[in-house]
Amino acid sequence: MSQGGSAPPGLAAAGSREVSMTIPVAPEMEIVATAQAAALGEYLAMSRDKIDEVKLALVEACINAFEHANCRDEQLHLTFRLGKEGKEREWLEVEVLDRGRGFNHAAVEAPSPEKTFSSHRKRGWGLQIIKSLMDDVDITSGEWGTRIVMRKYK
Amino acid sequence: MSQGGSAPPGLAAAGSREVSMTIPVAPEMEIVATAQAAALGEYLAMSRDKIDEVKLALVEACINAFEHANCRDEQLHLTFRLGKEGKEREWLEVEVLDRGRGFNHAAVEAPSPEKTFSSHRKRGWGLQIIKSLMDDVDITSGEWGTRIVMRKYK
Amino acid sequence: MSETCKVSSERRGDVAILWTDGYINNQGGEEIAREAYSHLDQGVRALVLNLEKTRIVNSIGISILIEVLEKVMDRKGVLAFCGLTPTIDKTFRIMGLAQYAEIFPTQDEALKKVAAQTA
Amino acid sequence: MSETCKVSSERRGDVAILWTDGYINNQGGEEIAREAYSHLDQGVRALVLNLEKTRIVNSIGISILIEVLEKVMDRKGVLAFCGLTPTIDKTFRIMGLAQYAEIFPTQDEALKKVAAQTA
Ligand SMILES: Nc1ncnc2c1ncn2[C@@H]1O[C@H](COP(=O)(O)OP(=O)(O)O)[C@@H](O)[C@H]1O
Ligand SMILES: Nc1ncnc2c1ncn2[C@@H]1O[C@H](COP(=O)(O)OP(=O)(O)O)[C@@H](O)[C@H]1O
């Protein structure tokens, strides 16, 4: 990397561009997880603002799992992948997997500022923020738990 | 944690104080790994200098696996554990596991500045640095690979 | 841990400035709310929240900031933000906070505008 | 990546100052060696290596610095370090670099001492 170029030759050579980790379901662990996202974003020389967006999306996904999933194994499984689309468009993908109770993603009511400001219920923004900050988001959920895969292009 | 106290209540409550991760065997991935050590050290409010010592020890252990282990799975398995001895002495433990060819740790010749300065072979300091910077170091190695567990007290 | 939010504040006449330092989650948000309400109870009419030392505000933190904003508006007061990173700014806009509170690049601009409004 | 070492330098009379920024591994070490040798080839007799923007030097990086030190000593020159974090200082002492090179807290102190030695 000393040339500061875009493609990390080491990783490509090793044929593997994936870092996975398991964190306990516990308060503030989401911040420990963001350190990894930041390190990989910096590895790609992604801008600080884009790294911040990935970090916040990851925080929201972790908090959802902490709050709603009721994970059987008390753990969150994170996978970070680095990739490239065509010649130039590098990306960082973050997967958050919980072995919790799952939910019906299609049935979640979309939030709006109007509803937020007129009612007592101010929550319900996590998924919306994730979708707004990341370039691609894919959510699958079932009895086995929930997997959210989100990608950010450099 | 907003009280800035020492014991992370969240983790203790969750009964789990362990973060594990898998990184590819590739140049500079050791730096990505140090981000995790730093985040957990900060979680314990460990001093910056001690965190630097853990980071360098982790770097040396990763580089050894990258250079010498010839890992079958092209991956390094890291586990970070937070713990407490008695009432006060918190620690951060880092385990680096490779599924490589292993080595006979007892047969490794200890380096010395004299040898380093009088010969062409300047390498051979990694394990020595690890032992000097960490409070406890345990190395086990065999045909299955190598595991190094190193602990730093806060 | 290092990222956890610290809140400090200072009263200048009718205005109170609050500075945050670190990650704003539920605890950080509640810390800010406590500090803000204590100023409102003491007669402050305008609050300037300077977030220049914060890089992450999660959605729970923002929902608490929205509650603070509502309480300030109930009392016909003013709440202004400054020092937002582009990501925090974006999130505030998504959640509508930017529709009801004013956002300024710098603390000086925020103070000037807020002083004019409460004069 | 962001942590990878950048090296810059400046010649002041007989002395060259080298500044590093970031992680010093084999590549970073070789970068420093290249820069150092080019100054030596141009007649510089003393080198001051300022590491204040580096927080990690791995053992391979240090082994390259030891080679640089040997080359400087072969030519009866001087190599001094400054701006070391406590961890880097400790590692330099373990590996014996501190026995053969001088270590100073600040660049000014290093320059003063080195100027006296080459005068
Ligand atoms: N990992 C998950 N496991 C189970 N349910 C989830 C998960 N993530 C989200 N949900 C459900 O989707 C809803 C909307 O989530 P979100 O948009 O993040 O807002 P909030 O968490 O503030 O309610 C949650 O209230 C919850 O019912
Ligand atoms: N993970 C490992 N797998 C196999 N051999 C190892 C491993 N770690 C260390 N070794 C052996 O121990 C020796 C000493 O390692 P070290 O002190 O780190 O110095 P260096 O890596 O510079 O040779 C290495 O040369 C290598 O033979």
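Everything numeric here is computed off the predicted structure, so don't read it as measured data. As a basis for the values below, the full set of heavy atoms in this structure was taken, side chains included, without hydrogen atoms, waters or symmetry mates. In the text below, chain A, chain B and the rest are named by the order of the sequence lines, each starting its count at 1.
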### Task
Any chance you could measure A:L58, atom CG, to C:N58, atom CG, to the nearest 0.5 Å?
12.0 Å

### Query
chain C heavy atoms under 4.5 Å from A:E53: which part of the residue, side chain, backbone, both or neither?
both

### Task
State, to 0.1 Å, how close C:I94 and A:P113 come at their nearest heavy-atom pair, and which atoms those are.
O-CG, 4.0 Å

#### Entry: Atom pair OG1/CD1 of A:T116 and C:I66 - distance to nearest 0.5 Å
5.5 Å

## Note on the structure
Bottom line for C:N25: the part with an atom under 4.5 Å from chain A's heavy atoms is side chain

### Query
Stepwise, does the side-chain contact (heavy atoms from CB on, under 4.5 Å) test hold for A:K55 with C:R55?
CA-CA 10 Å; A:K55 285 168 79 173; C:R55 291 203 73 86; 5.7 Å; no

#### Entry: Heavy-atom neighbours of A:E114 CD exceed 12 at 6.0 Å
yes

### Query
Going from CE on C:M95 to OG on A:S132, what distance comes out if it is rounded to the nearest 0.5 angstrom?
11.0 Å

### Query
For atom NZ of C:K112, is the number of surrounding heavy atoms from other residues, nucleotides or ligands below 6.0 Å larger than 12?
no

### Message
Is it the case that atom CD in A:E109 sees more than 12 heavy atoms from other parts of the structure closer than 6.0 Å?
### Response
no

### Message
side-chain contact (heavy atoms from CB on, under 4.5 Å), that's the test. Do C:V57 and A:L56 meet it? Break it down for me.
### Response
CA-CA 8 Å; C:V57 188; A:L56 180 53; over 6 Å; no

### Message
A side-chain contact here means heavy atoms from C-beta on lying under 4.5 Å apart; do A:E67 and C:I60 qualify?
### Response
yes

### Message
Quick check on C:L69 against chain A: is it the side chain, the backbone, both or neither that has a heavy atom closer than 4.5 Å?
### Response
side chain

### Message
Evaluate A:K122 against C:I64 for side-chain contact (heavy atoms from CB on, under 4.5 Å), listing each step before the verdict.
### Response
CA-CA 8 Å; A:K122 312 240 169 281; C:I64 298 172; over 6 Å; no

### Message
Would you say that A:R48 contacts C:T85 through its side chain, given a criterion of any heavy-atom pair below 4.5 Å between the two side chains?
### Response
no

### Task
Measure from the side-chain N and O atoms of A:E60 to the backbone N and O of C:S59, and report whether any donor-acceptor pair falls under 3.5 Å.
yes

### Message
Exactly one of A:V54, A:I51, A:D52 should register a side chain to side chain contact (heavy atoms under 4.5 Å, CB included) with C:T87. Which one does?
### Response
A:D52

### Task
Using the ring pair (Phe, Tyr, Trp, His ring centres under 6.0 Å) rule, collect all pairs that involve residues 102-142 of chain A, keeping only residues at least two apart or in two chains.
A:F117-C:Y100

